[in-house]
Number of protein chains: 2
Amino acid sequence: MTAPETSTRRPTRQQVAVAEALDEHGDFTSAQDLHAVLRSQGNSVGLATVYRALQAMAADGEVDVLRTAEGEAVYRRCSSSHHHHLVCRNCGRTVEVEGPAVEKWATRVSAEHGFRDVTHQMEIFGVCMKCPTDD
Amino acid sequence: MTAPETSTRRPTRQQVAVAEALDEHGDFTSAQDLHAVLRSQGNSVGLATVYRALQAMAADGEVDVLRTAEGEAVYRRCSSSHHHHLVCRNCGRTVEVEGPAVEKWATRVSAEHGFRDVTHQMEIFGVCMKCPTDD
DNA sequence: GTCATTGCAAACGCTTTGCATCTGT
DNA sequence: ACAGATGCAAAGCGTTTGCAATGAC
């Protein structure tokens, strides 16, 4: 057992707001995007607070974090349906794909190396069929 | 074939230096790291020039680019041996792993969606066996 | 009342860019 | 000589942090 329930501290309105905004979005979002959404909802929260709330949630293992190609950090609720992205590097089209094979492989190599409490991220970049062969 | 040979422009000493340093490193490196290496080799190249050279190579499709969890961009020669990383989020230890299963899965889903010329990135985060159960 | 959290703004690290200089052809 | 590449330093962007004010318990 890895005692994961340290999450019993989200007392403030702001942290609840961030958590719920993230929840509603459902997929990966950036801190700045969440900040803008909250502000437009009238539920104004400082940008720094959004970052801090997201960090706290990440530390608690409540959210996954990864970086976009542009260097922006994006966050997603852990319990969200887990899928990967297939991105066309020409037109930007994105397809969400699921991969039991990948999940299993990740679990296996983690176990082989004695790692526990693992998450993973994977993205595939290519050129989709609607884009011309000659760029 | 996708006519990839647009790479006929690397006339200057600095661009050659960056390309070779990247070549010698063989795995993902950051621009700043390359800059430090070049400087220590006496082959001083401006940091901005390193960035520009890497951008040019990426535009030509000669290198793959991705972002570390800390937001740093890392570059790798396309032809390099391809493996993934298993990262301990507690002590930072990194294990390089190879995964035929993942490669095949990536190829398959890409094909299923009509994508071509694909690359992928994957990283697994967990806690390694040398780190205490209770953080 | 006490202590953690907020918010603002300044600091920070990585990357990009403007501009004068230099290099290769 | 000219076009493009270089280097420096400043700007840019997302993120983090210091500190006084605020809010929760």
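Every chain is numbered from 1, with letters handed out A, B, ... down the list of sequences.
Under the 4.5 Å side-chain heavy-atom criterion for ILVMFWY residues, a single connected hydrophobic cluster contains both A:Ile124 and B:Val97. Criterion: ILVMFWY side-chain heavy atoms under 4.5 Å apart, direct or through other members. Under it, A:Leu38 and A:Met57 are part of a common hydrophobic cluster. Hydrophobic clustering keeps A:Val87 apart from A:Val95 (ILVMFWY residues linked when any side-chain heavy atoms are closer than 4.5 Å, directly or through intermediates).
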Check the interface with nucleotides 20-25 of chain C: list each N/O to N/O pair with the protein under 3.5 Å, or write none.
none

N/O to N/O distances under 3.5 Å, protein versus nucleotides 12-18 of chain C:
residue : atom : partner : partner atom : Å
C:dT15  : OP1  : B:Ala73 : N            : 2.6
C:dT15  : OP2  : B:Tyr51 : OH           : 2.1
C:dT15  : O5'  : B:Tyr51 : OH           : 3.1
C:dT16  : OP2  : B:Gln55 : NE2          : 2.9

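Using modelled atom types, one finds no donor on one side chain facing an acceptor on the other under 3.5 Å when comparing B:Gln121 with B:His85. When only modelled atom types and interatomic distance are considered, A:Ser30 and A:Gln32 share no side-chain donor-acceptor pair under 3.5 Å.
Looking at heavy-atom distances under 4.0 Å, B:Thr68 makes no contact with the nucleic acid at all.
Contact annotation: A:Gln15 does not reach the phosphate of C:dA4 (side-chain N/O to OP1 or OP2, under 4.0 Å). In this structure, A:Gln14 does not reach the D:dT22 phosphate: none of its side-chain N or O atoms is under 4.0 Å from OP1 or OP2.
Residues meeting the ring pair (Phe, Tyr, Trp, His ring centres under 6.0 Å) test with B:His25, sequence neighbours left out: none.
As rounded to whole Å, 16 Å separates atom P of D:dT6 from atom CZ of B:Arg39.
A pairwise comparison of heavy atoms in B:Trp105 and A:Glu98 identifies CZ2-O, 3.5 Å as the closest pair.
Electrostatic pairing of A:Arg77 and A:Glu62 counts as a salt bridge here, judged by a charged N lying under 4.0 Å from a carboxylate O.
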